[in-house]
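Counting starts at 1 for both ligands and their atoms, following the listed order. The analysis underlying the following values was restricted to heavy atoms, covering all of them including side chains, and did not include hydrogens, waters or symmetry mates. Nothing fancy with the numbering, it's 1 onward along the sequence.
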Amino acid sequence: MAWDYWRFLAILSLSGFVGLLFDQMVTFLFLASFFYALWLQRNWFQLLKWMQRPKKNQSPNAVGVIDDVCREVERVRLQNTSRKKKLGGYLKRFQSATSALPDGIVVLGDYGEVDWANDSAKILMGVRWPKDSNVRVNNLIRDPDFQQLLAGHDEFGRTVMVNSPVNPAIQLEIKIVKYMGSGRMLVARDMTQIVKLQKMRRDFVANVSHELRTPLTVLRGYLEMFNADDSTQEQWQAALPAMKQQAERMSEMLQELLSLSRLETGEKELQNSSTDIAKLLEDVIQDAKQLKQYHEHDIQLKLETEKWLLVDAEEIRSAISNLVFNAVKYTPAKCEIVIRWAIEQEKALIEVSDKGDGIAEYHLERLTERFYRVDSGRSQDVGGTGLGLAIVKHVLQRHDAELKISSELGKGTRFSCYFPKSKMVEKPNL
Ligand code: ADP
């Protein structure tokens with residue numbers, strides 16, 4: 001900066017002095033300033049050209065402020081280049097990392113078109129990027145469940161199982177996740193092995209339960225033939241009833257395991273029909289009163305709607321029986337049990353609540369797992385197998401219904417079964 005002042009001052013002094021010699025100081029001063037201004041203007045112009053096209057044009061060759069500007073521009077330019085390089089490196093690394101992911105990832109545009117896809121998306125779903133860029137993903141994956149998932153903008157987190165459009169033997173679990181505000185990304189995971197293992201587990205349980213039934217039936221038959229009182233040997237008098245009881249328990253368990261397998265494999269098709277839930281609940285209450293654990297329980301039936309349900313009556317009866325029987329089995333004599341049939345938040349609700357001892361909160365999440373029991377000693381006393389609630393969960397799942405469990409120690413437990421609006425039907429005019 002200072003250099004510019006000195007230079008200008010030097011030019012002015014020199015031209016003033018020469019002007020003085022010729023007695024034309026003002027003219028000389030004016031001419032010197034004019035040419036200096038022209039020179040400066042030329043340099044600024046050259047600077048502008050260089051900034052616009054640094055590769056084609058030369059930088060102005062001047063000392064002072066123009067040179068400072070040149071150097072500053074060069075510094076910022078270099079900084080930007082290295083930053084660009086760095087960001088480019090990050091982007092490349094990120095893209096190759098996502099490309100290498102085993103899950104198929106497709107970034108979707110506003111209209112469900114392909115914006116970007118990784119390598120696995122090509123292998124799993126046949127979505128090629130950049131070839132398929134801007135093609136709507138519902139033209140590439142035509143499964144109706146997937147189309148529904150894609151259309152439902154609010155249901156983020158929901159997953160659907162579809163067969164791969166490339167290879168139907170590949171089972172994909174697809175979900176759409178939200179990112180950066182309104183952005184949508186499709187994530188597909190290969191579940192073939194897991195589905196296979198689940199099927200093997202289900203088949204194994206079903207086969208073992210089936211195979212064990214025959215030998216157990218033979219044993220139970222022979223046990224029935226023995227009568228403890230007739231036996232001469234004293235030790236048999238205690239052993240026989242215990243053996244009979246345990247054989248009964250085993251048979252019950254096998255029966256429940258088989259029902260659970262049938263529900264899980266979907267081997268048995270749903271026999272949906274208009275069902276009078278009020279009548280079904282009355283029947284279940286009558287059955288509950290026959291249980292040996294029923295001791296003057298105060299069972300109340302609250303019917304708050306006249307609607308019927310379009311369900312498999314046999315399965316729903318077995319599920320609700322499990323809930324009501326549990327309420328009788330796990331509560332003390334004379335305990336109040338309320339069974340409600342109502343409509344809540346546009347959903348049909350069958351609710352079984354009791355004022356028993358309740359269940360500690362940390363058990364609730366695992367209650368519907370097979371063989372999970374809160375107090376196995378107590379459960380065995382009442383003849384429980386630990387499979388009842390697992391059956392309830394599966395029956396409800398098959399009916400698109402949801403089970404909610406709430407409980408408070410010392411106050412009681414509530415099992416609420418919510419059925420979707422679509423299952424509700426009007427009571428027929430008979
Ligand atoms: P189980 O055949 O043992 O009854 P379930 O799956 O039906 O198996 O129930 C799991 C466990 O949940 C039971 O062992 C019991 O401890 C607990 N349970 C179920 N219903 C109730 C209830 N109404 N009150 C208290 N505990 C309950």
Side-chain angles (χ1 to χ4, degrees), residues 202 205 209 212 216 245-264 281 284-285 287-302 314-341 349-398 401-418:
R202 279 197 306 257
V205 173
S209 318
L212 282 177
L216 190 64
Q245 194 198 357
Q246 292 307 321
E248 281 305 317
R249 228 172 92 73
M250 238 159 112
S251 156
E252 199 184 317
M253 219 182 260
L254 287 182
Q255 206 58 47
E256 291 199 345
L257 268 176
L258 275 173
S259 332
L260 199 55
S261 298
R262 273 187 215 120
L263 290 173
E264 273 189 331
L281 294 178
V284 170
I285 293 174
D287 292 346
K289 287 184 176 167
Q290 308 306 316
L291 290 173
K292 66 174 188 289
Q293 295 91 347
Y294 175 77
H295 296 299
E296 296 173 47
H297 284 82
D298 174 18
I299 305 182
Q300 300 171 17
L301 178 61
K302 291 193 175 163
E314 197 190 313
E315 283 193 13
I316 294 298
R317 182 174 171 149
S318 116
I320 304 301
S321 297
N322 268 319
L323 296 179
V324 178
F325 292 180
N326 275 351
V328 170
K329 288 194 288 189
Y330 296 108
T331 55
K334 296 189 181 169
C335 181
E336 184 184 298
I337 297 169
V338 177
I339 300 162
R340 260 180 85 212
W341 168 224
L349 167 69
I350 304 178
E351 191 172 82
V352 180
S353 51
D354 63 63
K355 293 200 171 152
D357 297 335
I359 305 165
E361 204 186 331
Y362 64 90
H363 288 299
L364 296 184
E365 209 183 323
R366 302 194 54 195
L367 220 53
T368 53
E369 283 175 21
R370 44 179 84 198
F371 296 115
Y372 190 85
R373 282 173 298 190
V374 174
D375 175 353
S376 58
R378 168 113 197 266
S379 195
Q380 274 188 18
D381 287 348
V382 298
T385 58
L387 293 168
L389 290 179
I391 292 179
V392 174
K393 188 177 93 176
H394 274 95
V395 167
L396 293 185
Q397 259 174 12
R398 272 160 68 86
E402 200 188 348
L403 174 68
K404 281 195 180 147
I405 311 172
S406 58
S407 187
E408 214 176 314
L409 274 180
K411 294 207 168 155
T413 312
R414 170 178 300 152
F415 293 88
S416 314
C417 314
Y418 289 96

Would you mind running through ligand 1 and noting each atom that sits below 4.0 Å from a heavy atom of [X]?
| X | answer |
| --- | --- |
| T385 | 1 (P), 2 (O), 3 (O) |
| F415 | 20 (N), 23 (N) |
| T413 | 24 (N) |
| L367 | 12 (O) |

Would one find an N or O of [X], backbone or side chain, under 3.5 Å from an N or O of ligand 1?
| X | result |
| --- | --- |
| A390 | no |
| Y372 | no |
| N326 | yes |
| L389 | yes |
| Y330 | yes |
| D354 | yes |

Single hit among Q397, R398, R370 for side chain to side chain contact (heavy atoms under 4.5 Å, CB included) with E264 | R370
Can you sort out the partners of E256 under side-chain hydrogen bond (donor to acceptor under 3.5 Å, both in side chains), two or more places apart, ordered by chain and number?
-> T385
So is N322 in contact with ligand 1, going by heavy-atom distances below 4.0 Å?
-> no
Side chains of residues 358-367: which donor-acceptor partners sit under 3.5 Å, not counting sequence neighbours?
{"unit_1": "H363", "atom_1": "ND1", "unit_2": "Y372", "atom_2": "OH", "d": "2.7"}
{"unit_1": "R366", "atom_1": "NE", "unit_2": "E369", "atom_2": "OE1", "d": "3.1"}
{"unit_1": "R366", "atom_1": "NE", "unit_2": "E369", "atom_2": "OE2", "d": "3.1"}
{"unit_1": "R366", "atom_1": "NH2", "unit_2": "E369", "atom_2": "OE1", "d": "2.9"}

